Participant: 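Here it is, the structure in full.
If you're wondering where the values come from, they're calculated on a predicted model, not measured in any experiment.
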Amino acid sequence: MLTIKRCRKIIESLRAVERLRGERAFWERQEAERYEKLVTVCLLLGMSDTEEIDATAMTVLAYGLNT
């Protein structure tokens, strides 16, 4: 189950790896940015931290945010 709360933990982990790897952390940096955008959109939509993010909505949002 993916929630905003879970996304924040994933972002925190990715950012920790990014700090350790520095410039070589290209993938981690991009993934963290994607999750940050997803969280921002979900919060703008009024979702709570514990509300499940629907997988279909997540895919649509992620595609739209990356174009």
Side-chain angles (χ1 to χ4, degrees):
M1 177 166 85
L2 188 62
T3 62
I4 292 174
K5 189 175 183 178
R6 177 76 180 124
C7 284
R8 287 181 174 149
K9 287 183 180 185
I10 292 169
I11 293 166
E12 186 178 310
S13 297
L14 289 167
R15 292 297 185 194
V17 171
E18 182 183 358
R19 284 190 297 277
L20 289 172
R21 295 187 69 207
E23 290 299 315
R24 297 175 297 157
F26 180 76
W27 181 85
E28 289 84 356
R29 188 171 21 265
Q30 283 195 328
E31 280 299 296
E33 289 171 2
R34 285 187 193 114
Y35 276 102
E36 287 168 346
K37 289 175 184 177
L38 178 62
V39 167
T40 300
V41 170
C42 289
L43 290 172
L44 288 171
L45 292 173
M47 294 178 69
S48 70
D49 280 359
T50 56
E51 190 175 343
E52 185 175 1
I53 300 171
D54 179 78
T56 304
M58 186 175 69
T59 303
V60 170
L61 285 171
Y63 176 77
L65 293 172
N66 288 322
T67 58

Participant: Could you measure the distance from the CZ atom of R29 to the CZ atom of R19? Nearest 0.5 Å is fine.
Facilitator: 12.5 Å
Participant: Does E12 have any salt bridge (charged side-chain N to carboxylate O under 4.0 Å, His left out) partners at least two apart in sequence or in another chain, and if so, which?
Facilitator: none
Participant: For a quick test of reading the model, state the closest non-hydrogen atom pair linking T50 to T3 and the distance between them.
Facilitator: O-CG2, 3.5 Å
Participant: Using the side-chain hydrogen bond (donor to acceptor under 3.5 Å, both in side chains) criterion, which residues pair with R8? Sequence neighbours excluded.
Facilitator: D49
Participant: Please find the pair of heavy atoms, one from C42 and one from I53, that lie closest to each other, and give the distance.
Facilitator: SG-CD1, 3.9 Å
Participant: Check A32 against I11 and note the closest heavy-atom contact, atom names and distance.
Facilitator: O-CG1, 4.1 Å
Participant: May I ask you to check whether over 12 heavy atoms, not counting those of R6, lie within 6.0 Å of atom CZ?
Facilitator: no
Participant: Can you sort out the partners of R21 under salt bridge (charged side-chain N to carboxylate O under 4.0 Å, His left out), two or more places apart, ordered by chain and number?
Facilitator: E28
Participant: Would you give the length of the straight line joining atom CZ of R15 to atom CD of E31, rounded to the nearest 0.5 angstrom?
Facilitator: 11.0 Å
Participant: Where do M47 and E51 come nearest, in terms of heavy atoms and distance?
Facilitator: CA-OE1, 3.5 Å
Participant: I10 and V17: same hydrophobic cluster, using ILVMFWY side-chain contacts below 4.5 Å?
Facilitator: no
